[in-house]
Protein chains: 2
Amino acid sequence: MTSVYQTHDHHHCISEALQEARTLCQRSGARLTHLREKVLELVWQSHRPIGAYDILAELAKQEERVAQPPTVYRALDFLMEQGLIHRLSSLNAFIGCPHPGKKHNGCFLICQNCRVTQEIEHQAINQSIASCATDQGFKITDAAIELTGLCSNCQEAQE
Amino acid sequence: MTSVYQTHDHHHCISEALQEARTLCQRSGARLTHLREKVLELVWQSHRPIGAYDILAELAKQEERVAQPPTVYRALDFLMEQGLIHRLSSLNAFIGCPHPGKKHNGCFLICQNCRVTQEIEHQAINQSIASCATDQGFKITDAAIELTGLCSNCQEAQE
DNA sequence: CGCGCTTTAGTTATAATATAACATCTTTGA
DNA sequence: TCAAAGATGTTATATTATAACTAAAGCGCG
């Protein structure tokens, strides 16, 4: 598996994400319309979180009709419900989910230099959080774990 | 130690927080002005996160001069720099730090029903996050861990 | 097919959160 | 006491998000 930090054939990431989305939506009966797929594609245009208004601006460039904010937010809401993207609340931005389909709460490593963001699934973190909640008698419905710092690439670059 | 979920003498929480803030600021040479102290007091008015504009509204009620947004945001920035409050990005709101003075990244349990929010220090979580970062060669500078769900009180109430 | 229902998208307006830029006042220390 | 630094005031505006209503498209059933 290639790392998001390495140069790689990103078109492959995009087409894979779109294909997976189509499959999942077909299976669940959700309607992945042209607009929704387009927004998903824009979210996947890089491994950096993208804001709703940036998506709006891209849509304005690429599509005939100029969309309004609610159009974009509705598409984003749909994609989140389907588990195809995540919202990073510390950035007010959205990023594609690399392994959609299963409901999960990812842990995000956000590079403050290059902005590349990696979602990881880490058993020890999940377990410690679960046990912490149990200790407190707290029932988690949603976990936002957003770690900001420097990715390995950018650390090297700064030396 | 009384839990934030239990009924307790909250005036005690407030005065303790203010006293600790005064001590810390004196020690560090930071200027805890009237405005900043007032804002800190408002943040501590409950164990629920409060938004900047709610603080603004309270200030308008309680003070002579009507403050503007930058005034409040600057006070909040100061309080965050001093480690006296935290910002919860998933709520765009602020909450008092129960053990200020040491730099730390708290883990927050946010009840979606009563909104009471508890900051906990959990070794296993800190460790698992640190080891996760190490695995990835990632250098964390800031961690936002915000867990939303139901506190024990509200779970009981819903049965 | 065609009718009606449901879902999606368009449109307009506005709410909620946050900051830029510059003016003024206050504190502090030499 | 005065100059510099720091805090607050003020005005305007940027950024993010949603409410409310309208129009169009897809879909299921007779």
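Chain identifiers are assigned alphabetically (A, B, ...) following the order of the sequence lines, protein sequences preceding nucleic acid strands; residue numbering begins at 1 within each chain.
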- Steps toward side chain to side chain donor-acceptor pair (under 3.5 Å) verdict (A:His47, A:Gln118): CA-CA 7 Å; A:His47 291 285; A:Gln118 184 180 16; over 6 Å; no
- With distance as the sole criterion, is a donor-acceptor pair present between the side chains of A:His86 and A:Glu146 under 3.5 Å? no
- Query: Between A:Ser128 and B:Ser128, do the side chains contain an N or O donor and an N or O acceptor separated by less than 3.5 Å?
  - Reply: yes
Mind calculating the distance between [atom1] ([X]) and [atom2] ([N]) to the nearest angstrom?
X	N	atom1	atom2	result
B:Asn92	C:dA15	CG	P	18 Å
A:Phe78	C:dA9	CZ	P	9 Å
B:Asp77	C:dT19	CG	P	7 Å

- Note on the structure: Of B:Ala30 and B:Pro69, the one whose nearest nucleotide on DNA chain D sits closer to the 5' end is B:Ala30
- Task: For DNA chain C, find the residues of residues 32-61 of chain B with a heavy-atom distance under 4.0 Å and give them by number; none if there aren't any.
- Result: B:Tyr53
- Task: Just jot down the ring pair (Phe, Tyr, Trp, His ring centres under 6.0 Å) partners of A:His99, sequence neighbours excluded, or say none.
- Result: A:His104
- Message: Tell me every residue that passes ring pair (Phe, Tyr, Trp, His ring centres under 6.0 Å) with A:Tyr73, counting only those two or more places apart in sequence or in another chain.
- Response: none
- A:Pro49 to A:Leu91 - nearest heavy-atom pair and separation: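 Reported closest heavy-atom pair: CG-CD1, 3.7 Å.
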Quick one: pull up [atom1] in [X] and [atom2] in [Y] and give me the separation to the nearest 0.5 Å.
X	Y	atom1	atom2	answer
A:Gln45	A:Asp54	CD	CG	8.5 Å
A:Asn153	A:Ser3	CG	OG	7.0 Å
B:Cys25	B:Leu79	SG	CG	8.0 Å

- Just by protein heavy atoms under 4.0 Å, how would nucleotides 20-30 of chain C read 5' to 3' in B, S and -? BB-----S---
- With the side chain counted from C-beta on, respond yes when A:Val39 and A:Leu59 share a heavy-atom pair under 4.5 Å apart, and no when they do not. yes
- Item | First encountered from the 5' end of DNA chain C, between B:Phe94 and A:Val66 | A:Val66
- Task: Quick one: list whatever passes salt bridge (charged side-chain N to carboxylate O under 4.0 Å, His left out) with B:Glu37, sequence neighbours left out.
- Result: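 In terms of salt bridge (charged side-chain N to carboxylate O under 4.0 Å, His left out), with neighbours along the sequence ignored, B:Glu37 is linked to B:Arg22.
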- Item | chain B contact limits on DNA chain D, taken 5' to 3' with a cut-off of 4.0 angstrom to heavy atoms |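 The contact span of chain B on DNA chain D goes from D:dG6 to D:dT11.
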